[in-house]
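Heads up, the thing below is written out as structure tokens.
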Amino acid sequence: MASLSLKNICKVYSNGFEAVKDFNLEVEDKEFIIFVGPSGCGKSTTLRMIAGLEEISSGELIIDGKLMNDVEPKDRDIAMVFQNYALYPHMTVFDNMAFGLKLRKVPKDEIKKKVEEAARILDLEKLLDRKPKALSGGQRQRVAMGRAIVRNPKVFLMDEPLSNLDAKLRVQMRSEIASLHNRLGATIIYVTHDQTEAMTLGTRIVVLKDGVIQQVDSPQKLYNEP
Ligand code: ADP
Ligand code: ADP
């Protein structure tokens with residue numbers, strides 16, 4: 001389980017720019033939180049602070065009751081999926097998916113088991129020896145997802161994971177993400193510009209503007225559904 005508590009979180013970049021201002025949010029276990037808002041409103045910055053990739057300037061990040069501000073990214077039990085997939089081009093699909101586990105010194109046979117299981121779930125079994133450049137966009141996206149799920153993290157952070165896919169694939173992956181969420185019982189924070197994604201996936205939607213939360217509501221309320 002994973003509940004997150006973001007208390008008065010601020011991000012001031014070293015050039016003085018305030019990208020996130022007094023961000024307050026309580027995320028319950030197994031929630032699927034969506035961040036929406038115009039480009040530059042602080043969505044990625046907030047995800048990166050939760051992942052530990054960006055320092056929190058002030059405020060507290062608490063996960064399952066533990067203060068996380070100074071915990072190393074690799075010790076956070078959080079996996080992040082990026083828009084550009086961020087795969088290692090010189091590594092095979094298998095090695096891309098195994099990378100985070102190797103980093104954490106998981107035994108080899110266990111790595112093999114976890115990667116093969118994820119490959120089965122994501123229909124990548126026949127592609128494990130390929131390099132990213134020999135994959136389609138949708139397959140690369142699955143590898144990025146696989147790299148996250150092999151770690152069985154408490155929290156998934158996804159930064160527009162489907163925005164580089166064509167419309168048909170986006171619809172397919174959207175339902176795959178929904179079923180992964182149910183199956184894994186994970187807590188997810190997900191950035192998107194796509195209203196259909198926000199409506200179909202989200203338990204709650206956080207609307208950001210200029211680094212400030214404008215509204216937090218269920219998709220039904222936010223989009224005036226009956
Ligand atoms: P530092 O300046 O201490 O290296 P920063 O996090 O402020 O750390 O900057 C990281 C990099 O991002 C720097 O090279 C900086 O020039 C660059 N950068 C500055 N402004 C922006 C911006 N508006 N958007 C994206 N990157 C930026
Ligand atoms: P979003 O994900 O909502 O598009 P970001 O979190 O990437 O927004 O960026 C929020 C704001 O912070 C933007 O105005 C961006 O230019 C600025 N920014 C991002 N990285 C840096 C940096 N390293 N240094 C200074 N400003 C940055």
Side-chain angles (χ1 to χ4, degrees), residues 2 4-27 31-63 68-74 76 78-87 137 140-141 144-145 147-148 153 155-167 169-170 173-174 177 181 186-219 221-223:
L4 290 85
S5 178
L6 287 80
K7 292 186 196 283
N8 308 104
I9 291 199
C10 299
K11 177 64 189 184
V12 184
Y13 281 109
S14 57
N15 62 359
F17 184 77
E18 251 187 294
V20 176
K21 301 167 197 166
D22 209 22
F23 193 106
N24 281 287
L25 183 70
E26 299 291 324
V27 180
E31 264 205 283
F32 200 127
I33 297 283
I34 308 272
F35 286 178
V36 298
S39 179
C41 70
K43 304 180 298 291
S44 296
T45 299
T46 304
L47 284 196
R48 291 168 58 79
M49 286 192 285
I50 297 170
L53 303 174
E54 197 74 69
E55 200 181 338
I56 295 170
S57 305
S58 63
E60 292 184 337
L61 169 67
I62 295 163
I63 301 179
M68 301 301 286
N69 291 45
D70 297 324
V71 175
E72 288 286 312
K74 74 173 174 54
R76 287 195 184 201
I78 289 173
M80 192 150 168
V81 180
F82 299 92
Q83 174 179 13
N84 59 7
Y85 318 135
L87 301 177
R140 282 179 206 175
Q141 205 282 339
M145 205 68 84
R147 192 166 57 180
V155 182
F156 283 93
L157 306 175
M158 302 188 186
D159 199 348
E160 300 191 52
L162 306 186
S163 61
N164 284 335
L165 303 179
D166 63 44
L169 211 49
R170 209 152 56 218
M173 286 305 299
R174 193 172 72 216
I177 288 174
H181 176 235
T187 305
I188 299 181
I189 304 180
Y190 188 102
V191 170
T192 184
H193 282 111
D194 183 319
Q195 186 173 325
T196 314
E197 272 175 39
M199 284 187 58
T200 50
L201 294 171
T203 53
R204 282 192 299 159
I205 299 177
V206 176
V207 183
L208 278 162
K209 192 181 166 220
D210 297 333
V212 179
I213 295 182
Q214 307 293 310
Q215 195 176 352
V216 182
D217 250 319
S218 67
K221 274 203 178 145
L222 198 73
Y223 298 119

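Because the structure is a prediction, the values reported are computed rather than measured. Just follow the structure's listing: the first ligand is 1, and inside any ligand the first atom is 1.
Atom numbering of ligand 2 starts at 1 in the shown order; those under 4.0 Å from a heavy atom of Thr45 are 5 (P), 6 (O), 9 (O), 10 (C). Close approach of ligand 2 to Cys41 is summarised as follows: ligand atoms under 4.0 Å from at least one heavy atom of the residue are 1 (P), 3 (O), 8 (O). Residue Lys43 approaches ligand 2 through these ligand atoms, each under 4.0 Å from one of its heavy atoms: 1 (P), 2 (O), 3 (O), 4 (O), 6 (O), 8 (O).
Contact annotation: for Asn15 versus ligand 2, heavy atoms closer than 4.0 Å belong to the side chain alone.
In this structure, the side chain of Arg140 does not engage the main chain of Leu87 through any donor-acceptor pair within 3.5 Å.
Ring centroids of Phe32 and Tyr190 are separated by less than 6.0 Å, placing the two rings close together.
The distance from the CD1 atom of Ile189 to the CZ atom of Arg204 is 10.0 Å, given to the nearest 0.5 Å. A distance of 7.5 Å separates CD of Glu197 from CD1 of Ile34, quoted to the nearest 0.5 Å. Within the model, atoms CG of Asp22 and NZ of Lys7 stand 12.5 Å from one another, a figure rounded to the nearest 0.5 Å. Put simply, CD1 on Ile50 and OG1 on Thr45 are 11.0 Å apart, with the number rounded to the nearest 0.5 Å.
No N or O atom of Phe17 sits closer than 3.5 Å to an N or O atom of ligand 2. Considering backbone and side-chain N/O of Ser44, one or more are found under 3.5 Å from N/O of ligand 2.
Considering Ser14, Gly37, Gly40 only, the shortest heavy-atom separation from atom 1 (P) of ligand 2 involves Gly40.
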